Each structure stands twice: as structure tokens, then as C-alpha cells.
Enquirer: 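Right, I'll just put the structure down here and ask away after.
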Amino acid sequence: MALGGLLWMSTSIQAQNWLTSGNPVSGAFYLGANGSSTVPLLLKTVANQPIDLWTGNTFRMRLNQRITYPTLNGFSGIPADGFALISPTSNVLSNVPYGPFSRLHLADGTLDGEYFGYRPWQRNGITFTGNDDQGYIGEKYGSRM
């Protein structure tokens, strides 16, 4: 049994394959890394598109592309590059501004259009929305936006 256990531990196990059909990606297809890898794990889009993560066929997270929201709570030209949204549903994506309000946005998944208290300096922090409420914890940016 010990020999069988050692042999089993020395085998390579692959948890997931990268599906290349239908993906217009150029270059080598690569997903994942192991201890002997000479390159970092790389998850990216070359086109200016967000990265959405799903589990159990349900939306869980969005990482914004380079984007500026046209308006948010009466303010215009709101930069939202790289802002991240974590939510149990994609409901917040169906409300203006159709994405996260700050560097990290935690949304309950219901009634997530609570942008009424938003101010343009609320960038590098955490926004909480849900239950008709909005909260923000983070730095207050001055006029150097």
C-alpha cells in the first residue's frame, strides 16, 4: 500500500482543460501552473472586455475593463478601470452604472441600484450595496482625480 500511495502521489493530475474551440485567442493556449512552471498564471483579455467569473452557472464576480461610466448619481465621467464586483447574482449589472462603484464593490444581489449616496471621490475603497442601502469605506480622493 505504501508503494501504491507513493506512485499515486507522483502522478500528474489535471483538473481542467482549456477549451480552445470558439475562443479567438492568438498564441499558445495556457491555463494553470504547477510548481515547476516558469511562467506566472495569466488570466487576461487582450480586447477591452471585463472578466466575469461564474460558479454553478451563476454569476459571482466581475473585474472591469478600462471603462468610464457616463453618469453615476448625477456625476459624469466616472473612471472605473479595474473595479471589482462580488455578488451572488448579476442584478447590479442591470442597473446604472452597470458595474461596480469602487475598487471593491460587495453587492447583496437584491435591490443593488443604491447609488444615491455615491460621490466621485469614492474610488479606492469598498462599496457595500443591498437592501436599499449603500455604504463606503476607504480613502477620500481630492481634486487630483
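Everything numeric in this text was worked out from a predicted model, so none of it was measured.
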Enquirer: Once side-chain hydrogen bond (donor to acceptor under 3.5 Å, both in side chains) is applied, do any residues pair with N64, and if so which ones, sequence neighbours excluded?
Expert: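 If we apply the side-chain hydrogen bond (donor to acceptor under 3.5 Å, both in side chains) test to N64, skipping adjacent residues, the hits are Y69.
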Enquirer: Are the side chain of S94 and the backbone N or O of V92 linked by a donor-acceptor pair below 3.5 Å?
Expert: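 Such a contact is absent between S94 side chain and V92 backbone.
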Enquirer: Tell me every residue that passes side-chain hydrogen bond (donor to acceptor under 3.5 Å, both in side chains) with S90, counting only those two or more places apart in sequence or in another chain.
Expert: none
Enquirer: Taking F83 as the starting point, is it possible to reach F75 by hopping between hydrophobic residues whose side chains are less than 4.5 Å apart?
Expert: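 Different clusters.
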Enquirer: Please check if any side-chain donor atom of T55 sits under 3.5 Å from a side-chain acceptor atom of R60, or the reverse.
Expert: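 Yes, R60 and T55 have a side-chain donor paired with an acceptor closer than 3.5 Å.
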Enquirer: Assess whether side chain to side chain contact (heavy atoms under 4.5 Å, CB included) is satisfied between I51 and R62, documenting all intermediate values.
Expert: CA-CA 6 Å; I51 295 175; R62 168 167 284 182; over 6 Å; no
Enquirer: Can you tell me how far CD1 of I78 sits from CD1 of I67, rounded to the nearest 0.5 angstrom?
Expert: 12.0 Å
Enquirer: For the residue pair Y136 and T127, what are the closest heavy atoms and their distance?
Expert: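 Closest heavy-atom pair between Y136 and T127: CD1-OG1, 3.7 Å.
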Enquirer: With side chain to side chain contact (heavy atoms under 4.5 Å, CB included) as the criterion, how do F59 and L85 come out once you've worked through the C-alpha distance, each side chain's angles and the decisive distance to 0.1 Å?
Expert: CA-CA 10 Å; F59 175 85; L85 167 71; 4.0 Å; yes
Enquirer: Testing the basics here: between L72 and P97, what is the closest heavy-atom pair and its distance to 0.1 Å?
Expert: CD1-CD, 3.5 Å
Enquirer: Can you name the closest pair of heavy atoms from P88 and A107 and give their distance?
Expert: CD-O, 3.3 Å
Enquirer: Determine, step by step, whether H105 and T129 satisfy the side chain to side chain contact (heavy atoms under 4.5 Å, CB included) criterion, reporting the C-alpha distance in whole Å, the side-chain angles of both residues, the deciding distance to 0.1 Å, and the verdict.
Expert: CA-CA 8 Å; H105 185 160; T129 57; 2.8 Å; yes
Enquirer: For the pair F128 and I137, evaluate side chain to side chain contact (heavy atoms under 4.5 Å, CB included) and give the outcome as yes or no after the intermediate values.
Expert: CA-CA 9 Å; F128 306 89; I137 299 172; 3.7 Å; yes
Enquirer: Please report the shortest heavy-atom distance between S102 and I126, naming the atom on each side.
Expert: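 The pair with the smallest heavy-atom distance is OG-C, 3.7 Å.
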Enquirer: So do F101 and Q122 actually touch side chain to side chain, heavy atoms under 4.5 Å?
Expert: no
Enquirer: Taking all atoms of both residues into account, what is the closest heavy-atom pair of P100 and A80, and its distance?
Expert: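 Scanning both residues completely, I find the closest heavy atoms to be O-CB, 4.5 Å.
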Enquirer: With sequence neighbours left out, write down each residue that passes side-chain hydrogen bond (donor to acceptor under 3.5 Å, both in side chains) with E139, or none if nothing qualifies.
Expert: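 Testing E139 for side-chain hydrogen bond (donor to acceptor under 3.5 Å, both in side chains), a comparison that skips the adjacent residues, returns N124.
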Enquirer: Considering all heavy atoms of both residues, which atom of M61 and which atom of A84 are nearest to each other, and what is their separation?
Expert: CE-CB, 4.3 Å
